[in-house]
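Scroll down for the structure; my scribbles are underneath it.
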Amino acid sequence: MAIISSNIGDNDFSLKKKELRLIDSKIIPEEKRNNNLNLARPLTLQEFIGQEQLKSSIRIAIDASIYRKEPLEHILLYGQPGLGKTTLAFLIAHEMNTKCRIATAPAIERPRDIVGLLLGLKEGEVLFIDEIHRLNKLTEELLYSAMEDFRLDLTVGANRGARCRTINLPRFTLIGATTKLASISPPLRDRFGISQKVEFYTIDELKQIIVNFAKLINLNLDDEASHNLSKISRGTPRIALRLLRRVRDYAQVVNKTNNISKNLVKKALNSFQIDEKGLDSLDRKYLSFLNLTNIPIGLDSIAAGLGDDSSTLEFVVEPYLIQIGFLIRTPKGRLLTDLGKQYIDSLK
Ligand code: ADP
């Protein structure tokens, strides 16, 4: 049973809006979605490119819950940043014809934050919690009965004035997203009926995402241009879309055009110090640092040496360097491969 501090009145479960991003998926009209780059998210499972196995499992779960007129099971999505977990939460809510409310775990600091969030839900709604592995223990414990029995067990007050309260909740669907599956405690993990990995995308899938987005923002991208961009997008839609926006800026400012060729992509990327392999200055700094020695180095030492955040290195920089064969992770630390060494030497 979770304990709520005594200075919370019975009705004081309201949320500070600044702390939690609450977004109603139904208030995004089509034309607004087209005008705003951040809202360029696919709205249906059919529009969502790739992740075929995940999509078919979720499709079945959605159809089954609609058939039984029951809320969808709780879903845990895990995978690297930028692969579409938030987008999936939105479109699942859209497919269920309901609203998606969004919060990030670090913003849910006090038990009353999660209580307020849960009390604000209506029957069948989706609550999306990003970075769910970062929930604190008390919040997590409150979620157990909320997820399992749609009930909150609270102790309000302290010492002799303490009293127990059970509050019934509307039946809702929790979608949790994480980059660190192993950091989620087993009791929380077990309460998700569906657990799905979101995989990196193939070059063809990324190309499709790039082409769709280019259409949305009125860019004419030739085939080689979209192919080259997708090749260096690290299997990640967010990176693909970011690169496309940078190329668009360059094309419009320097060449005053919306027509993007392979050569224009190359020039634009050069101007942002991104080379043909898709490596940027942080990747090169990382590789050069490792090249200083022949022994494996731990992630924290690299982060300290570069003055960078270790999770950026772990989740953004390293996966791609490993994928292109420049880096290996050993039990003793990170090590440059011969290919990685050759690349760094070629820059000298
Ligand atoms: P995550 O929550 O995993 O960090 P997001 O859902 O925020 O990732 O996705 C990052 C960006 O990539 C968004 O702009 C989203 O629209 C786009 N995106 C991700 N996956 C796809 C996809 N399969 N098809 C089209 N766009 C996608």
Side-chain angles (χ1 to χ4, degrees), residues 20-23 25 28 30 32-59 75-95 100-107 126-134 174-181 183-184 192 194-217 219 221 226 229-230 232-248 278 309 311-312 314-317 319-320:
L20 300 164
R21 282 157 58 212
L22 296 184
I23 301 173
S25 74
I28 304 174
E30 202 75 10
K32 192 169 174 204
R33 180 161 73 116
N34 290 345
N35 286 337
N36 186 331
L37 300 188
N38 291 331
L39 298 177
R41 296 183 190 274
L43 272 189
T44 61
L45 271 178
Q46 214 175 354
E47 281 178 45
F48 190 87
I49 313 285
Q51 312 295 343
E52 298 307 327
Q53 183 272 326
L54 177 153
K55 279 193 301 190
S56 92
S57 305
I58 288 183
R59 178 80 269 160
I75 301 176
L76 181 62
L77 299 172
Y78 59 98
Q80 301 297 330
L83 295 183
K85 298 181 291 299
T86 311
T87 307
L88 280 165
F90 269 108
L91 66 82
I92 289 169
H94 189 260
E95 295 268 358
C100 180
R101 300 186 179 271
I102 295 204
T104 57
V126 170
L127 172 61
F128 175 69
I129 303 185
D130 203 6
E131 299 185 65
I132 197 157
H133 60 276
R134 294 177 64 185
L174 178 67
I175 302 184
T178 181
T179 48
K180 292 188 170 180
L181 183 66
S183 304
I184 299 187
F192 287 95
I194 300 168
S195 177
Q196 288 283 332
K197 181 170 186 199
V198 190
E199 306 276 358
F200 284 114
Y201 291 71
T202 65
I203 290 179
D204 283 345
E205 288 165 348
L206 285 174
K207 193 169 163 183
Q208 190 61 54
I209 292 171
I210 288 174
V211 167
N212 290 352
F213 189 60
K215 274 193 206 133
L216 210 62
I217 57 175
L219 280 185
L221 206 63
S226 53
L229 272 178
S230 52
I232 60 166
S233 296
R234 306 176 179 219
T236 308
R238 179 177 291 141
I239 296 178
L241 300 183
R242 194 170 63 213
L243 288 174
L244 183 60
R245 290 189 192 110
R246 295 289 73 75
V247 170
R248 179 183 66 158
D309 164 47
S311 63
T312 307
E314 185 177 2
F315 293 115
V316 182
V317 175
Y320 184 60

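Remember, it's 1-based here, ligands and their atoms both numbered in the order they're listed. For the single chain, residues carry numbers from 1 onward in sequence order.
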* **Stepwise side-chain hydrogen bond (donor to acceptor under 3.5 Å, both in side chains) test for S56 and E52** => CA-CA 6 Å; S56 92; E52 298 307 327; over 6 Å; no
* To do: Establish, from distance only, whether the side-chain atoms of D309 and S311 form a donor-acceptor pair under 3.5 Å.
  =>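 Yes, side-chain donor-acceptor contact under 3.5 Å.
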* Asked: Looking just at side-chain N and O atoms, do N212 and Q208 make a donor-acceptor pair shorter than 3.5 Å?
  ->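 Yes - a donor-acceptor pair under 3.5 Å links their side chains.
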Short question: side chain of [X], backbone of [Y] - any donor-acceptor pair under 3.5 Å?
X    : Y    : result
Q80  : V316 : no
K55  : F48  : yes
Y201 : L83  : yes
R234 : G278 : yes
K85  : G79  : yes

May I ask you to check whether [X] has an N/O atom sitting below 3.5 Å from an N/O atom of ligand 1?
X    : value
G84  : yes
E47  : no
G82  : yes
L241 : no
I49  : yes

* What part of N212 sits under 4.0 Å from ligand 1 if we count only heavy atoms: the side chain, the backbone, both or neither? ->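 For N212, there is no contact with ligand 1 at all, from either part.
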* Asked: Between I209 and ligand 1, which residue portion shows a heavy-atom distance shorter than 4.0 Å: side chain, backbone, both, or neither?
  -> side chain
So, does [X] sit close enough to ligand 1 that a heavy atom of it is under 4.0 Å from the ligand?
X    : result
G50  : no
P42  : yes
Y201 : yes

Would you mind listing which atoms of ligand 1 come within a distance below 4.0 Å of any non-hydrogen atom of [X]?
X   : result
K85 : 1 (P), 2 (O), 3 (O), 6 (O), 8 (O)
P81 : 4 (O)
F48 : 20 (N), 21 (C), 22 (C), 23 (N)

* What's the shortest heavy-atom distance between Q196 and L54, and which atoms? -> OE1-CA, 3.5 Å
